[in-house]
Amino acid sequence: MSNGYVAHAAGYVDNEGPKIVSSRFVHEDGHTLARYLETGGYVGLRAALAKTPSQVHDEVRDAILLGRGGAGFPAGIKWGFCPPGVWPRYLVVNGDESEPGTYKDRLLMECDPHQLIEGCLIACYALGLSQCFLYVRGEMALAQERIAEALNEAYAAGYVGKNILDTDFSVDIVLHWGAGAYIVGEETALIESLEGSRGMPRLKPPFFPAAIGLYGKPTIVNNVETLSNLPWILENGADAYKRYGSEASPGTRLFAVSGHVKRPGVYEVEQGVTTFRDLIYGDNFCQGMREGHDLKMFIPGGGSAPWFFEDHLDLPLEAKPVGAAGSMLGSGAIVIMDDSTDAVQACLRVVRFFARESCGKCTPCREGTTWEEQILRRIYDGHGRPSDIDMLLDVADNISPGPYPAAADPSQGLEAVPFPPKQTTICPLGPSSVAPIVSALRRFRPEFEAKITARASIPVSAG
Amino acid sequence: MARLNAENLATANEILSRYPVKKSAMIPLLHLAQEQDGYVADDAMAHIAELCDVTPAEVVGTCSFYEMFKRHEVGTYLVNVCTNISCMLLGGEELLHRLEDKLGIKHGGTTEDKMFTLEDYECLAACTEAPCMQVNYRYFHRIELDEAEKVIDDLRSGARTDIPPHGTLGKVRQHIPTGRSAGIVPPEQANEAPVWLPAPTPEGEGS
Amino acid sequence: MTNVESTEIEGISVTVNGAEVLARPGELLIDACERNGVYIPRFCYHPRMKPVGMCRMCLVEVDTGRGMGLQPSCMITCSPDMVVETESEVTKKAQDGVLEFLLINHPLDCPVCDKGGECPLQDQTMAYGPGESRFVEEKRHYEKPIAISDNVYLDRERCILCDRCTRFAKEVAGDPLIHFQGRGNGTEVNTFPDEPFSSYFAGNTVQICPVGALTAKPYRFQARPWDLEEVQSTATIDSVGSRITVQSSRNKVLRYLGVDVDSVNWGWLSDRERFSFEAFNHEDRLADPLVRPEASMGSAKRDQLVTAPWSTALRRCAKALQDVDPNRIGVIGGARLSNEAQYMWAKLVKGVLGSDNVDAQLGDGLPADLVLGLPRATIDRACAAGGTVVLVGPDPKEQLGALYLRLRHAVIEDGVQLIELTPHSTGLSRYATHSLHPRPGEAGALARALVGDSVVESDIAGVAAADVNAVAATLKAGGPVTVVLGRSSAAESEDAVVDAAVALSSLDDVAFLSALTRGNVHGALDMGLAPGRLPGRQPLATGSSFSTAWPTMPAEAGFDTHEILQAAADGRLDTLVLLAADPINDFPDADLARQALENTPTVIAVDLFLHESAAAADVVLAAAGPGEYAGSFTNLEGRISQLNQMVTPPGTARPDWILAAELAFQLGADLELESPEQVWAELADLAPIYADVSPAALEAAAVEGIVVEGTSLFEAPAPLEAVSNDQYALRLVTRRVMYDQGTVLAHSPSSAHLSPSPKVALHPTDFERLGVAEGSDVSVSSARGAITVSVLSDSGVPRGSAVMVSHLEDARPYELIDATAVVNDVRVEPVA
Ligand SMILES: Cc1cc2nc3c(=O)[nH]c(=O)nc-3n(C[C@H](O)[C@H](O)[C@H](O)COP(=O)(O)O)c2cc1C
Ligand code: SF4
Ligand code: FES
């Protein structure tokens with residue numbers, strides 16, 4: 001297709017550049033075993049099986065494969081946290097992709113399920129994980145079908161299950177799926193959910209899943225994209241992997257760029273070298289803002305990330321500089337908003353998401369996110385009171401004691417507050433609700449004030 | 001309505017056999033119940049409690065946590081319109097309002113003929129394809145307002161049959177052929193490293 | 001008792017608000033601070049449950065080397081050189097913030113809330129909270145209190161979602177029948193539709209709810225906390241002796257709360273214990289003595305009992321006891337009494353009247369010599385990690401609720417192995433490593449095989465050889481064994497239990513925790529209310545210090561309850577005293593008990609209620625109940641703890657110990673004991689095991705009580721022969737359940753209606769053989785009679801047994817029992 005879109009992989013743009021995880025998206029039958037084998041499938045697994053498990057682990061550690069689920073923690077190092085001598089160990093694949101703006105794991109699951117399965121097998125082999133649960137977001141019916149099909153084929157062909165490729169490596173991969181709860185993407189909530197419980201996060205520390213996870217046993221939780229990188233790394237080696245991207249962030253990464261750009265889509269991008277400006281304005285990528293509009297703000301890493309502005313366009317797509325500038329790269333979700341966007345509305349919509357998705361465990365998140373939404377709704381609807389803005393900030397501060405991470409604003413002489421935020425809660429969901437509030441109020445407070453002063457004098461009744 | 005019927009019970013047992021701890025099968029079994037009845041009936045939950053060896057209160061505790069499980073009848077077609085940030089920017093709310101008008105209900109409601117339930121949904125992981133909606137969890141990307149209305153018309157008239165009734169998720173199920181399973185590993189049993197790992201060195205197992 | 005000194009030596013140094021404090025290894029920060037006088041507010045944390053860190057109220061600033069940060073003090077264990085600020089600005093703001101969040105949706109209906117005045121939320125709002133609400137939105141609304149069980153109401157608007165009740169239900173009680181439902185701001189606690197929170201322990205959730213969301217029917221709107229007076233005491237309805245706080249208002253007991261005692265009940269109570277006070281407030285309580293007009297005595301048609309002055313009643317008693325051949329006097333009961341009253345009655349009957357026909361048990365217990373002669377265990381010993389518990393006795397869940405919770409915890413959390421040798425499955429079976437059900441009468445044979453050296457090859461007592469060998473191997477693997485020993489079925493003679501106990505006593509490192517269930521029965525045994533026994537665990541046979549101190553002494557060992565009743569029925573007794581005993585309902589041969597009462601010239605009952613046996617008496621002395629006198633109680637471990645007086649008895653009812661003194665006086669004797677102090681002084685003098693026990697010592701050990709050590713000699717009888725039955729018969733097993741129609745329960749308005757309907761339970765495979773259909777009415781018959789009940793299938797009943805619950809209205813299995821038999825066989829047949 002001339003515009004780069006690939007019809008059967010909705011939103012995927014087959015642009016120029018290295019393809020590590022998205023190479024098969026161009027094939028309509030890329031999800032079948034036949035096409036997979038034809039295009040180098042299960043070569044990485046064979047390469048892994050030719051090594052000792054610890055050699056495989058070393059290869060992954062050398063590659064500095066950063067987790068793609070949000071926190072960006074190196075997989076090789078996380079794998080090393082399994083306590084020795086405690087068995088069994090499990091692998092849980094995080095395919096719950098629900099962060100606002102995030103869209104890439106679904107493509108990987110729909111278009112190249114075998115690549116993910118192969119990645120799981122490599123991880124299990126390396127660490128002695130004896131069973132793998134592939135947790136797919138409930139709302140993704142097609143992804144579930146594709147993975148079920150792929151697993152059925154792979155079992156039949158001897159790639160999964162007992163004595164894989166006639167070795168003594170045996171592992172079952174079980175397709176499991178959720179039922180609609182964003183919080184289940186958080187790894188400890190994911191484990192709770194997989195145990196059949198309500199997806200409420202567990203406090204960590206003291207125990208991270210790698211030490212005490214599923215059924216209280218060492219458990220590796222990795223994102224779909226993270227694992228999808230493994231076949232390539234094992235096939236081509238860590239050194240080849242490190243030829244792409246920057247030193248701190250080797251390889252490529254899928255970014256979903258949505259919102260007010262000419263060519264929104266999912267792009268495979270070299271990490272660390274590409275900048276936001278390249279991504280938004282580059283011909284190889286989104287090709288600029290919608291006709292007649294300018295950039296107002298953008299979210300660099302999913303709904304939980306503080307907002308960035310014009311002044312951040314030249315930052316590279318790399319965790320460290322983005323964090324220092326006051327936000328995060330998160331889940332590879334970049335949402336672009338132009339000057340037609342109402343900052344109050346955008347803020348309200350993201351906050352509403354967190355209020356709806358709070359698991360309800362921590363008092364500040366359960367009560368606070370809803371309260372934030374109610375105040376914002378009041379302001380947006382024109383019923384706000386002048387004191388509401390400060391109250392909103394104070395409520396937010398009780399969920400995430402400030403100063404909250406935020407981008408610098410030279411025009412107001414405000415410095416950047418680096419990521420991550422502090423929290424009075426167990427997991428970062430509650431504090432994430434503060435990101436849009438602080439971001440919007442730092443830059444666009446007059447927009448809020450305009451809505452308040454413009455209000456019809458409707459008194460707010462006490463509950 | 002009902003406990004799981006014989007066919008679904010067989011499927012349930014197959015699902016249960018894949019988990020080292022029965023309770024883990026709870027969400028898949030709730031989906032199965034929802035597939036059977038279109039929603040999760042109390043009796044089905046009681047049945048699942050027996051299968052998973054927990055109390056019905058524990059089942060309802062889990063069931064009620066998750067958005068997708070409906071504890072009361074909904075329409076044959078569940079229409080989820082995403083209004084989260086990326087879709088909001090490109091007309092998600094207009095799409096929702098158009099469908100509210102079209103169906104004559106507010107979001108959250110069900111049409112009188114029990115054909116459609118409309119929901120104002122959170123991010124559906126199709127952000128670059130805004131605005132987007134799902135019908136029974138089948139995607140419609142970059143959908144125009146008129147196109148959305150046509151989907152409704154076609155479903156209503158029966159011109160469109162590719163979308164299974166509410167409750168059906170993946171139409172393909174996983175099956176592990178007998179003899180091919182590596183065997184589930186109960187957490188309390190295996191205390192030894194899997195066979196493919198080399199014998200542990202004194203300091204650990206070498207990773 | 002915990003030894004504070006020694007743990008502090010190896011303590012961890014933590015800086016709290018600038019001062020150094022010592023924490024115990026593994027101690028949670030919140031506990032370490034509290035122990036050192038720094039109270040951190042909390043809602044979800046409860047020291048007896050796993051922390052969840054939900055409410056976030058306990059956030060404090062903590063530095064573990066990586067800079068100050070807010071941490072929930074209920075989730076972090078103290079580590080060396082931790083720096084903690086519980087009062088810093090940041091901490092305060094976080095706590096204020098949490099409190100404000102908790103209050104925004106709280107109805108603030110404190111003036112009409114049972115918890116008002118004792119509510120941590122209210123208190124902390126005063127202490128830490130912001131002044132005025134900034135929340136102007138509509139609060140969450142729910143239907144006002146909903147009944148989640150018969151006795152517990154839930155007001156979801158007041159609920160702060162701390163997870164205490166739900167955690168208790170799952171973690172502590174093992175009855176996860178309430179659960180969080182919904183999500184986020186819509187989260188609520190609730191039950192499954194139409195499936196109530198029917199747990200024997202539900203009342204605990206009311207006690208631990210930090211707000212007024214859970215309330216108990218028996219207490220709702222009864223009083224405001226500031227009107228309440230309270231004392232600490234001991235629950236007397238079963239033999240666990242759970243520690244309680246008794247609260248009253250205007251001379252009426254309104255509430256029992258569990259007290260957290262490390263060695264006993266950990267703060268928990270069964271609902272039977274918790275709500276039993278209702279019975280003692282009941283209008284049916286005897287307020288004055290009753291006598292039967294003398295003229296009608298002995299005639300077939302007796303007159304009604306009428307109220308009489310105490311002088312008349314006591315004189316009538318004295319007359320029936322004075323100058324009577326001691327062998328023609330019998331005394332049954334005494335387990336309800338305090339230790340002090342038991343001693344005085346023992347002294348009166350044995351030391352003044354010279355009769356040894358005294359038995360505090362009603363034929364449904366175990367021989368005193370056995371209980372006092374085997375090495376005794378404490379609950380802590382049974383529950384210590386690394387040990388094994390062998391249950392040969394009644395279902396603890398049904399009869400000894402607080403002990404059940406301790407045992408369950410020990411098995412689940414501390415890895416104690418549980419082996420059941422019971423006639424049917426129990427509430428603990430699902431946690432047991434092995435659950436063996438020997439045929440009634442043959443537990444001894446099984447026990448011998450388990451402790452023997454050889455591998456068995458065929459079934460023993462109906463238990464498969466493989467199971468026998470597996471348990472034998474477990475027992476031999478070592479580690480301390482505690483046998484929880486009691487009488488599970490009244491249809492099997494005590495000899496069968498003795499037989500099993502003797503066999504198990506040959507294990508290395510074994511001790512026995514008695515599971516006799518009736519109130520202060522262990523006090524009664526210790527005080528000599530058993531044939532052949534004297535106070536202080538001394539046998540009558542050996543000449544003891546009591547022989548010289550007491551005016552007289554029985555010549556030889558007397559009758560037990562069975563023998564007393566037989567003698568009475570045969571006309572060999574002149575006077576029978578029922579010391580808070582109802583043999584017609586409690587003795588496992590109702591027929592014999594009835595005949596006994598009929599054929600005795602004078603029957604004296606000392607009691608709280610006019611139950612069936614008391615109603616057949618000639619003189620009824622109205623006694624004071626729990627909470628109406630001071631004294632002490634001995635639990636199943638032999639642990640003595642205080643009973644304190646809270647209210648006065650109804651009418652002119654008198655404490656049992658005063659009755660003994662007054663009777664003695666009427667008989668022209670003087671017990672020379674006028675107070676509990678004097679009783680203990682005499683006991684300390686005469687019985688070495690009580691050398692250190694006194695009211696003052698008990699006051700000093702008010703929390704844990706004092707465990708009395710000392711066993712007496714026990715001579716093992718010969719092993720029992722198995723009894724065969726014909727193939728159409730089923731072996732009868734009786735059991736008691738928590739909510740039966742025993743006297744106290746029957747008078748507890750909140751619990752009386754919870755009794756199950758009578759049924760006979762059979763193994764599923766026995767139905768076809770017997771030609772009966774599940775759910776149908778059947779006739780259960782023995783040589784003694786027949787009763788009709790419906791039949792239930794229960795795979796926890798072994799094949800060939802028929803299990804019936806006793807103490808229910810309508811169907812009384814004790815009507816079928818011949819108490820002289822080792823086992824009782826019945827036929828179960830369809831009714832036409
Ligand atoms: C609120 C919340 C939601 C999350 N959602 C997801 C998600 O949908 N998918 C995902 O892979 N990781 C998600 N994460 C991150 C996971 O907790 C975890 O870090 C990740 O799965 C680890 O995989 P990785 O190391 O391969 O990135 C979420 C985290 C939080 C706090
Ligand atoms: S922060 Fe919110 S979502 Fe996260 S655990 Fe707490 S209540 Fe649940
Ligand atoms: S008491 Fe620590 S979080 Fe509730």
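Per chain, numbering begins at 1; letters A, B, ... match sequence-line order. The figures here come from the full heavy-atom set of this structure, side chains too, leaving out hydrogens, waters and symmetry mates. This structure is a prediction, so every number in the text was calculated from the model and none was measured.
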(request) Could you check which of C:Gly69, C:Ala94, C:Gly182 has the highest count of heavy-atom pairs closer than 4.5 Å to chain A? (result) C:Gly182

(request) Identify the residues of residues 154-169 of chain C whose heavy atoms come closer than 4.5 Å to a heavy atom of chain A, ordered by number, or report 'none'. (result) C:Ile160, C:Leu161

(request) Please say whether more than 12 non-hydrogen atoms of neighbouring residues, nucleotides or ligands are located less than 6.0 Å from NZ in A:Lys422. (result) no

(message) With a 4.5 Å cut-off on side-chain heavy atoms, are C:Asn185 and A:Glu367 touching?
(response) yes

(message) Between the side chains of A:Asp390 and C:Arg134, is the shortest nitrogen-to-carboxylate-oxygen separation below 4.0 Å, so that they form an ion pair?
(response) no

(message) Heavy-atom cut-off 4.5 Å, strictly under: side chain, backbone, both or neither for C:Leu102 against chain A?
(response) both

(request) Would you check if A:Gln374 and C:Glu138 make a side-chain contact, meaning some heavy-atom pair closer than 4.5 Å? (result) no

(message) Need one label for A:Arg202: side chain, backbone, both or neither, based on atoms under 4.5 Å from any heavy atom in chain C.
(response) neither

(message) For a quick test of reading the model, state the closest non-hydrogen atom pair linking C:Thr187 to A:Gly360 and the distance between them.
(response) OG1-CA, 4.0 Å

(request) Select, from A:Pro401, A:Cys362, A:Pro364, A:Ser387, the one with the greatest count of heavy-atom pairs under 4.5 Å involving chain C. (result) A:Pro364

(request) Look up atom NZ in C:Lys93 and atom CG in A:Asp397, then write down how far apart they are to the nearest 0.5 Å. (result) 3.5 Å

(message) Return the CE to SG distance between C:Met54 and A:Cys359, rounded to the nearest 0.5 Å.
(response) 7.0 Å

(request) To the nearest 0.5 angstrom, please state how far the CZ atom of A:Arg366 sits from the SG atom of C:Cys55. (result) 9.0 Å

(request) Indicate yes or no: at least one non-hydrogen side-chain atom of C:Gln71 is less than 4.5 angstrom from one of A:Leu203. (result) no

(request) Mind checking the OG1-CG spacing from A:Thr363 to C:Leu99? Nearest 0.5 Å is all I need. (result) 10.0 Å

(request) Report yes if some heavy atom in the side chain of C:Val136 is under 4.5 Å from a heavy atom in the side chain of A:Arg378; otherwise report no. (result) yes

(request) Any side-chain hydrogen bond (donor to acceptor under 3.5 Å, both in side chains) involving residues 48-63 of chain C? Give me the pairs, sequence neighbours left out, ordered by first then second residue. (result) C:Arg48-C:Asp260, C:Arg48-C:Asp262, C:Lys50-C:Glu413, C:Glu61-C:Ser88

(message) Quick check: do C:Glu100 and A:Asn398 have side-chain heavy atoms less than 4.5 Å from each other?
(response) yes

(request) Just give me the residue among A:Thr369, A:Val395, A:Asp394 that pairs up with chain C most often, heavy atom to heavy atom, under 4.5 Å. (result) A:Asp394

(request) Mark yes when over 12 heavy atoms from residues, nucleotides or ligands other than A:Lys204 sit less than 6.0 Å from its NZ; otherwise mark no. (result) yes

(message) Using modelled atom types and a 3.5 Å cut-off, is there a donor and acceptor pairing between side-chain atoms of A:Arg198 and backbone atoms of C:Arg183?
(response) no

(request) Kindly indicate whether the side chain of A:Ile399, heavy atoms from C-beta on, has any atom under 4.5 Å from the side chain of C:Phe101. (result) yes

(request) Please state whether the side chain, the backbone, both or neither of C:Pro72 comes within less than 4.5 Å of a heavy atom of chain A. (result) side chain

(message) How long is the straight-line distance from OG1 of A:Thr424 back to CG of C:Leu59, given to the nearest 0.5 Å?
(response) 6.0 Å

(request) Side chain from CB out, backbone as N, CA, C, O: work out which of these in C:Phe180 comes under 4.5 Å of a heavy atom of chain A, or both, or neither. (result) both

